[in-house]
Amino acid sequence: MESIQVSIQGGRSQAFPKGISAKAAIEKLKGAVPPEVFAVKANGVEKDLLAPLETDAALQPLAFDSPEGKEIYRHSSTHIMAQAVKECFPTAQLTIGPAIEEGFFYDFSFDRPFTPEDLESIEKRAKAIIASNLTVTRLEMSKSEAIEYFRQRGEHYKVELLEGIPDDQVSLYQQGEFVDLCRGPHVPSTGHIKAFKILTSAGAYWRGDERNPMLQRLYGTSFPSEEALQAHLDNLEEIKRRDHRKLGKDLDLFSIQDETGPGLILWHPKGAQIRLLIENFWREQHLANQYELVYSPHVARLDLWKTSGHVDFYKENMFTPMPVESSEYQLKPMNCPFHIMVYKSHLRSYRDLPIRYGELGTVYRYERSGVLHGLMRVRGFTQDDAHLFCRPDQLAEEVQKVLKFTTFMLGTFGFTEFKMFLSTRPEKAVGTLEQWDQATLALEAALKDGGYPYQEDPGEGVFYGPKIDVKIQDALGRSWQCSTIQIDFNNPQRFGLTYVGEDGKTHQPIMIHRALLGSIERFFGILLEHYGGAFPAWLAPVQVLVLPISEKHQAYGQQVEKKLRGEGCRVALDLRNEKIGLKIREGEKAKVPFMIVVGDREAEAEMVSVRQRNGKNLGTMSIIDVVTLIRDDMPEAVRKGSFLFE
RNA sequence: GCUGGCGUAGCUCAAUCGGUAGAGCAGCGGUUUUGUAAACCGCAGGUCGGAGGUUCGAUUCCUCUCGCCAGCUCCA
C-alpha cells in the first residue's frame with residue numbers, strides 16, 4: 001500500500017497508509033485528539049477530522065481559538081439551527097447560512113416572519129439536536145445528482161444555488177435526517193457545540209438584492225462554553241448601555257426631533273461644548289501643520305455640481321435642487337468644488353504647491369430613511385474636510401504626512417488601534433491606467449514608508465481615484481471607519497486646474513481629498529460610545545462640579561467656582577438646597593470628572609475636598625492643585641496648544 | 001426604499017378584551033440646613049405620534065401617514 005508522510009504543526013513526520021483520516025493520524029502521532037479540536041488544516045487547507053489524507057500532509061489541529069476554527073464552529077452551529085427550523089417548520093426552505101464575525105445566521109424562505117415564540121422553540125429543538133450528538137458526515141455527489149436530490153426535497157433555493165456552481169462534484173453534509181449543500185468542513189458531531197443561542201430574526205433579501213423575495217433571517221451565536229457565551233451576551237448588553245443615542249439623551253448632549261426632520265442633529269449646550277473643543281483642537285492642529293482654513297457656502301448653483309460630476313455620479317444622494325430666480329441651486333453634498341474654486345481664483349505657481357485647504361464643512365446628503373442611525377448616519381453632517389493640491393512628485397510625501405496626521409489626531413482622542421485599507425480601481429472609473437497606477441503606487445509607498453500594515457480592497461476605490469481608509473477600534477473592540485484619503489485626478493481635469501511649472505508651461509495638479517475624523521457627528525458618536533459618556537477631563541463639558549454642603553457654605557463655594565473659572569476650568573456650582581449625597585449622585589450620573597465638596601473644614605482652611613469620578617476620594621488640596629489635576633489629564637498636544645508632529 | 005416590531009406626561013414605563021389614562025424620576029411649592037451615589041410632604045403635568053374611517057362612544061378596531069428600532073442595501 002502506498003504510504004504518505006504526516007506531521008503535526010512542524011513536529012516529526014511519520015509514514016501512514018494513504019487515505020488515513022486526519023483523526024487517525026493525530027491519534028497515532030499524539031495518542032488522542034484533544035477534545036477541543038474538531039477540524040484540521042492539512043497543508044493549509046481546512047478539512048474535516050475524518051477527511052482521508054491522500055498526500056503528504058502537515059496538519060494543524062483547529063479549535064475555536066483560531067479564526068478558521070471559529071468559522072467552522074459557527075458554520076456547524078448554523079446547520080444545527082437550520083435542522084431545528086426544518087424540524088419545527090417543515091415548509092421552510094433552506095437558502096444560505098454562513099458564519100459571521102460574532103456568530104452566524106441562516107436565511108429561510110418561509111410564509112411568515114418568525115415570532116419570538118418560534119425562536120424559543122427552534123432554540124429548544126437545536127439544543128436537543130446538540131444533546132443527541134448526531135454524527136456529521138460528508139457526502140459527495142455529482143452536481144446533477146445533488147440538483148435532483150434537492151428538487152425532490154422541494155428545496156428550490158438550493159437548486160438555484162447548485163445551478164450557479166461551476167464544479168461537477170459537490171459536497172453535502174448530513175446530520176440525522178438533515179442534509180445541506182455545503183463546502184464544509186464541519187465539526188464531527190453536533191455535540192461539539194457547547195453553548196448555543198438564537199439571538200434575533202429579521203428580513204433579508206435573497207442574494208442581498210432588494211428586487212428579490214424577502215427571506216427570514218435568524219441570527220445566533222455559539223461558544224465552546226456557557227461562560228464564554230454569557231460573556232458575549234454581557235458584552236452585547238454593555239454595547240446597548242453605551243449606545244450613543246441613549247447616552248446623548250441621558251447626558252443631554254444632542255437630540256434629533258421629528259419636527260426638525262430625521263437625520264438632522266440639534267446640538268445641546270453640553271454636546272456643543274464638546275464639539276467646540278474637538279473643533280478648536282482640529283483647527284489649531286491644522287494651522288500648525290500648514291493647512292489654510294477656508295469657509296464655503298451651503299448651497300451653490302447646480303451648474304457647479306454638473307461640472308464636478310456629482311449630478312451624474314452622486315445624484316441619488318443629493319437633495320432635490322431648488323429654483324432661485326432663473327437658475328437652480330443645490331444644497332451641497334460635498335465641499336470639494338468650493339475648495340477647487342478657491343484654488344482657481346488665481347494663477348498658481350509650482351512654488352505655491354502643495355496648497356492645503358481645510359474646512360469643517362457641513363454637507364447635506366439625502367439618505368434613504370431606513371439607513372439613518374443616531375449620529376452615525378445622518379442627512380446633515382460636518383466633514384473635517386481638506387483638499388490638497390500638489391505636484392505629482394509631491395504626492396507620496398503628502399499622503400504620508402496625512403497618514404501621520406491621522407494617527408496623531410485619532411491617537412489624541414484615545415484611539416490607538418488602526419486598520420488601514422488600500423482601495424484600488426473599481427470597474428466604473430475615470431482616468432488612465434497610468435494615472436491609477438501612479439496614484440496607487442504613491443498610496444502604497446506612503447503606507448509602506450510609514451510602516452503601517454494594511455489590507456488591499458481591490459476594486460473598492462472611488463470612481464475618480466484610489467484611496468486609503470483608516471478604521472479605528474473602540475473600547476469594545478468594534479471598528480469604525482473615520483479617516484479617508486482619496487486621490488483625485490478627475491476634478492482637476494473637469495475644473496481645468498493648472499499651475500505654472502518650472503518650465504513655464506501649465507501643468508495639472510493632483511488633488512487629495514482627506515478627512516481625518518470623517519464627520520464630526522459620527523466621530524462624536526464613536527467617542528461617546530468609546531468613553532461610555534465618561535469623557536476625559538479635556539473634553540468633558542463640565543470638568544469640575546463644586547458642591548457646598550449647606551447654605552452656610554455657598555459663599556465659599558462661589559469663591560472656589562470663580563477662582564477655578566478664572567483659571568480656565570469649565571466649572572459648575574450646585575447651590576440647590578439638597579443633601580450632599582444627592583448632589584454627588586447627580587454629578588456621577590452626569591459623569592463629571594471631578595467633584596469638589598466644600599463645608600466648614602474646607603472653608604476654614606481655604607482648601608477643597610476632591611472626589612474623582614467613580615468614587616475615588618483624592619483628599620483635601622488647594623484650588624491650584626485642582627487646576628493642575630485637570631491640566632495633567634490632558635494629552636500633551638492639547639496642553640501645548642499646538643503640536644507639530646513633523 | 002423594503003420586511004418585521006414599536007410610538008401613552010420632559011424621561012423610564014403601566015393600564016384600558018371600545019366607556020377620554022396611572023406610577024417612579026424630573027419640574028414647581030413647602031418643611032429640612034445637611035459631609036461623599038436618592039431627606040420628607042404637597043401640587044401640577046397627557047388632543048394616548050398625526051389624519052381619516054367604523055361606532056351612541058376610539059388611546060384601544062380598520063385605512064393611510066409621519067417617526068423610531070432591528071435587519072437588508074448603502075455609506076462620512
Side-chain angles (χ1 to χ4, degrees), chain A residues 105 107 112-116 199-219 240 243 245-246 249-250 252 255-263 314 316-317 333-335 361-363 365-385 462 469-470 480-484 486 513-526 545 547-554 576-590 595-602 609-619:
Chain A
F105 68 78
D107 287 347
R112 63 171 177 82
F114 293 114
T115 64
L199 298 170
T200 53
S201 64
Y205 300 102
W206 170 234
R207 294 179 188 267
D209 190 325
E210 66 189 28
R211 288 162 301 191
N212 284 340
M214 174 76 61
L215 306 171
Q216 301 304 326
R217 175 171 297 180
L218 292 181
Y219 284 91
K240 251 190 223 161
D243 191 310
R245 292 166 299 186
K246 179 176 157 37
K249 196 181 270 179
D250 291 350
D252 194 18
S255 63
I256 304 167
Q257 295 178 38
D258 214 356
E259 292 86 337
T260 325
Y314 207 69
E316 66 278 13
N317 279 308
M334 304 246 179
N335 301 303
T362 304
V363 297
R365 297 184 185 175
Y366 170 69
E367 298 286 353
R368 300 162 97 196
S369 52
V371 307
L372 299 174
H373 181 89
L375 294 174
M376 303 303 196
R377 190 77 180 273
V378 295
R379 286 188 175 150
F381 60 98
T382 301
Q383 292 182 304
D384 70 313
D385 213 354
V462 196
D469 287 330
V470 182
W480 301 95
Q481 197 211 308
C482 294
S483 324
T484 182
Q486 308 175 350
H513 306 246
R514 48 112 279 193
L516 306 186
L517 310 179
S519 96
I520 301 292
E521 283 74 6
R522 175 182 290 183
F523 188 71
F524 183 84
I526 295 167
L545 191 51
L547 309 175
I549 285 178
S550 79
E551 257 168 44
K552 280 190 295 189
H553 316 110
Q554 287 190 354
R576 289 176 308 164
N577 176 14
E578 295 287 355
K579 293 181 95 167
I580 193 72
L582 182 96
K583 293 182 182 181
I584 285 174
R585 179 180 151 80
E586 295 190 352
E588 283 292 343
K589 288 206 328 192
M595 278 179 259
I596 283 178
V597 175
V598 291
D600 289 335
R601 296 200 291 269
E602 289 77 11
S609 288
V610 181
R611 181 192 205 274
Q612 205 169 30
R613 186 162 50 200
N614 293 327
K616 192 176 176 201
N617 195 336
L618 300 183

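Residue numbers begin at 1 in each chain, while the letters A, B, ... track the order of the sequences.
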Worksheet item: Base, sugar-phosphate, or nothing for A:I580, non-hydrogen atoms under 4.0 angstrom?
Response: sugar-phosphate

Worksheet item: Whole Å only: how far is the CG atom of A:D252 from the P atom of B:G27?
Response: 13 Å

Discussion item. With rounding to the closest Å, how many angstrom separate the C1' atoms on B:U54 and B:U60?
Written reply: 13 Å

Worksheet, complete the sentence: A:R245 meets the salt bridge (charged side-chain N to carboxylate O under 4.0 Å, His left out) criterion, sequence neighbours left out, with A:D243

Worksheet, complete the sentence: Which of A:V597, A:I596, A:N617 passes side-chain contact (heavy atoms from CB on, under 4.5 Å) with A:V610? Answer is A:I596

Worksheet item: Among all residues two or more places apart in sequence or in another chain, which pass the salt bridge (charged side-chain N to carboxylate O under 4.0 Å, His left out) test with A:R611?
Response: A:E588

Worksheet, complete the sentence: Value for OG (A:S609) from CD1 (A:I580), rounded to nearest 0.5 Å, stands at 9.5 Å

Worksheet entry | P gap between B:A26 and B:C11, integer Å | 15 Å

Discussion item. Students often get this wrong, so: under 4.0 angstrom with heavy atoms, is A:K552 touching a base, only sugar-phosphate, or nothing?
Written reply: sugar-phosphate

Item to complete: For B:G7 versus B:C13, give the span between their P atoms, rounded off to a whole number of Å.
Response: 11 Å

Worksheet item: Within the distance-only criterion (no hydrogens, no angle test), does the side chain of A:D384 pair as donor or acceptor with the backbone N or O of A:L517 below 3.5 angstrom?
Response: yes

Worksheet entry | Passing candidate, side-chain contact (heavy atoms from CB on, under 4.5 Å) with A:F381, options A:L375, A:V363, A:T362 | A:V363

Practice prompt. Would you check if A:R365 and A:V378 make a side-chain contact, meaning some heavy-atom pair closer than 4.5 Å?
Written response: no

Practice prompt. Report the residues that fulfil ring-ring contact (aromatic ring centres under 6.0 Å, His included) with A:W480, sequence neighbours left out, ordered by chain and then residue number.
Written response: none

Worksheet item: Which residue pairs pass the salt bridge (Lys or Arg N to Asp or Glu O under 4.0 Å) test with at least one member in residues 577-587 of chain A, sequence neighbours excluded?
Response: A:R576-A:E586

Item to complete: Sequence neighbours left out, what passes ring-ring contact (aromatic ring centres under 6.0 Å, His included) with A:Y219? Give chain and number order.
Response: A:F105

Worksheet item: With sequence neighbours excluded, what pairs up with A:K249 under the salt bridge (charged side-chain N to carboxylate O under 4.0 Å, His left out) test?
Response: none

Practice prompt. Would you mind classifying the nucleic acid contact of A:T382 as base, sugar-phosphate or nothing, using non-hydrogen atoms under 4.0 angstrom?
Written response: nothing

Practice prompt. Check side-chain hydrogen bond (donor to acceptor under 3.5 Å, both in side chains) between A:Y366 and all other residues, then give those that pass, not counting sequence neighbours.
Written response: none

Fill in: Atom-pair distance (CG on A:N614; C1' on B:U36), nearest Å
13 Å

Response to the item:
Quick tally for nucleotides 67-76 of chain B: nucleotides whose base has a protein heavy atom under 4.0 Å get B, sugar-phosphate-only ones S, the rest -, giving SSSSBBBBBB

Strictly under 3.5 Å: I want the nitrogen or oxygen pairs between protein and nucleotides 39-43 of chain B, one per line.
none

Discussion item. Checking A:K589 now: which residues fulfil salt bridge (charged side-chain N to carboxylate O under 4.0 Å, His left out) with it, not counting sequence neighbours?
Written reply: none

Worksheet item: If you write RNA chain B from 5' to 3' in dot-bracket form, with Watson-Crick or G-U pairs under 3.5 Å, [ ] for crossing pairs and | for pairs with another strand, what do you get?
Response: (((((((..((((.....[..)))).(((((.......))))).....(((((..]....))))))))))))....

Worksheet item: NE2/A:H373 to CZ/A:R522 distance, rounded to the nearest 0.5 angstrom?
Response: 10.0 Å

Item to complete: Report which part of the nucleic acid A:D385 touches: base, sugar-phosphate, or nothing (heavy-atom distance under 4.0 Å, all strands).
Response: nothing

Discussion item. Using the C1' atom as the point on both nucleotides, what is the distance between B:A15 and B:G24, in whole Å?
Written reply: 15 Å

Practice prompt. Indicate yes or no for a side-chain donor-acceptor contact from A:R377 to the backbone of A:L372 under 3.5 Å, with no hydrogens or angles considered.
Written response: no

Item to complete: For B:C43 and B:A9, measure between their C1' atoms and round to the nearest Å.
Response: 15 Å

Practice prompt. Could you state the atom-to-atom distance from CZ of A:R585 to C1' of B:G24 in whole Å?
Written response: 12 Å

Please produce a list of atom pairs where a protein N or O lies less than 3.5 Å from an N or O of nucleotides 12-14 of chain B.
{"unit_1": "B:U12", "atom_1": "OP1", "unit_2": "A:K249", "atom_2": "NZ", "d": "3.3"}

Worksheet item: Between A:Y366 and A:E588, who's closer to the 5' end of RNA chain B by nearest nucleotide?
Response: A:Y366

Practice prompt. Looking at every strand, decide which applies to A:E259 at a 4.0 Å heavy-atom threshold: base, sugar-phosphate, or nothing.
Written response: nothing

Worksheet entry | Euclidean distance, atom CD of residue A:Q216 to atom C1' of B:C2 [Å, nearest integer] | 12 Å

Worksheet item: What is the distance, rounded to the nearest whole Å, between atom CG of A:L545 and atom C1' of B:A37?
Response: 13 Å

Worksheet item: Distance between the P atoms of B:C66 and B:G50, in whole angstroms?
Response: 15 Å

Worksheet item: With nearest nucleotides of RNA chain B determined for A:D250 and A:G599 from heavy-atom distances, which residue corresponds to the more 5′ nucleotide?
Response: A:D250

Practice prompt. Using the P atoms only, state how far B:C62 lies from B:U55, rounded to an integer number of Å.
Written response: 16 Å

Discussion item. On the side chain of A:E316, is there an atom forming a donor-acceptor pair with the base of B:G1 - under 3.5 Å, no angle test?
Written reply: no

Discussion item. Could you tell me how far B:U16 sits from B:U59 if I compare only their C1' atoms? Round to whole Å.
Written reply: 9 Å

